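The structure appears below as structure tokens.
Source: prediction; values computed, not measured.
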Amino acid sequence: EWTDQFKADGADHAIAEIIHHGVQGFTRTELQALRIRATVVWGSKDAVDSLRAGRQTAGDLRARLVLIPGAGHMTPLTDPAAVSSAIERR
């Protein structure tokens, strides 16, 4: 069940930190400095972050961008099989 992650030890503290501090991310400079294998998976119907942001993130990481048709912002939760498949296609 996708909600199991919220039952894990420390989840309540992590959620409280996100509420208090917001979601912490990386700067573009930090992303560009990373030397990792990455795939950026993006939902075509994401109403939270723009496709432009996804393209920029993929470019900064020198990563492949995979667009999941009809998917929204929470695709890892709503369609984990599509996300897994996108990552495995490397």
Side-chain angles (χ1 to χ4, degrees):
E1 181 76 30
W2 71 269
T3 57
D4 288 347
Q5 61 193 323
F6 300 112
K7 299 172 190 168
D9 287 340
D12 54 343
H13 175 71
I15 292 168
E17 288 293 305
I18 290 170
I19 291 169
H20 185 263
H21 298 288
V23 176
Q24 302 299 309
F26 293 93
T27 66
R28 292 194 65 206
T29 301
E30 290 169 330
L31 289 176
Q32 292 165 356
L34 293 173
R35 298 294 180 253
I36 58 171
R37 286 181 48 191
T39 300
V40 176
V41 181
W42 214 263
S44 69
K45 301 285 185 183
D46 190 330
V48 176
D49 293 310
S50 69
L51 179 54
R52 179 175 168 247
R55 287 187 176 118
Q56 185 174 47
T57 299
D60 289 343
L61 288 170
R62 294 161 307 285
R64 179 172 65 101
L65 174 69
V66 177
L67 196 60
I68 306 293
H73 185 72
M74 299 301 289
T75 308
L77 299 178
T78 60
D79 196 351
V83 173
S84 177
S85 177
I87 293 168
E88 289 174 352
R89 277 186 265 153
R90 278 195 69 70

- Message: Is there a path of hydrophobic side-chain contacts, each under 4.5 Å between heavy atoms, that joins Ile36 and Val40?
- Response: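 Yes, one cluster joins them.
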
- Criterion side chain to side chain contact (heavy atoms under 4.5 Å, CB included) on Leu51 and Arg55, from CA distance to verdict: CA-CA 6 Å; Leu51 179 54; Arg55 287 187 176 118; 3.3 Å; yes

Under 3.5 Å, sequence neighbours excluded: what are the donor-acceptor pairs made by side chains of residues 67-84?
unit_1 : atom_1 : unit_2 : atom_2 : d
His73  : ND1    : Asp46  : OD1    : 3.1
His73  : ND1    : Asp46  : OD2    : 2.9
Thr75  : OG1    : Gly72  : O      : 2.6
Thr78  : OG1    : Met74  : O      : 3.3
Asp79  : OD1    : Ala82  : N      : 3.3
Ser84  : OG     : Glu88  : OE2    : 3.3

- Task: Sequence neighbours left out, what passes salt bridge (Lys or Arg N to Asp or Glu O under 4.0 Å) with Asp60? Give chain and number order.
- Result: Arg28

Output all residues satisfying side chain to side chain contact (heavy atoms under 4.5 Å, CB included) with [X], sequence neighbours left out; order by chain, then residue number.
X: Ala14; answer: none
X: Arg62; answer: Arg35
X: Ile15; answer: Phe6, Ile19

- Item | Value rounded to 0.5 Å, distance of CD in Gln56 from CG in Leu61 |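 With rounding to 0.5 Å, CD (Gln56) is 10.5 Å from CG (Leu61).
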
- Which value, rounded to the nearest 0.5 Å, describes the distance between Thr57 atom OG1 and Gln32 atom CD?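 Nearest 0.5 Å value for the OG1-CD distance: 10.5 Å.
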
- Any sub-3.5 Å donor-acceptor pair from Arg64's side-chain atoms to Ala86's backbone N or O? yes

- Task: Not counting sequence neighbours, which residues clear side chain to side chain donor-acceptor pair (under 3.5 Å) with Thr29? List them please.
- Result: none

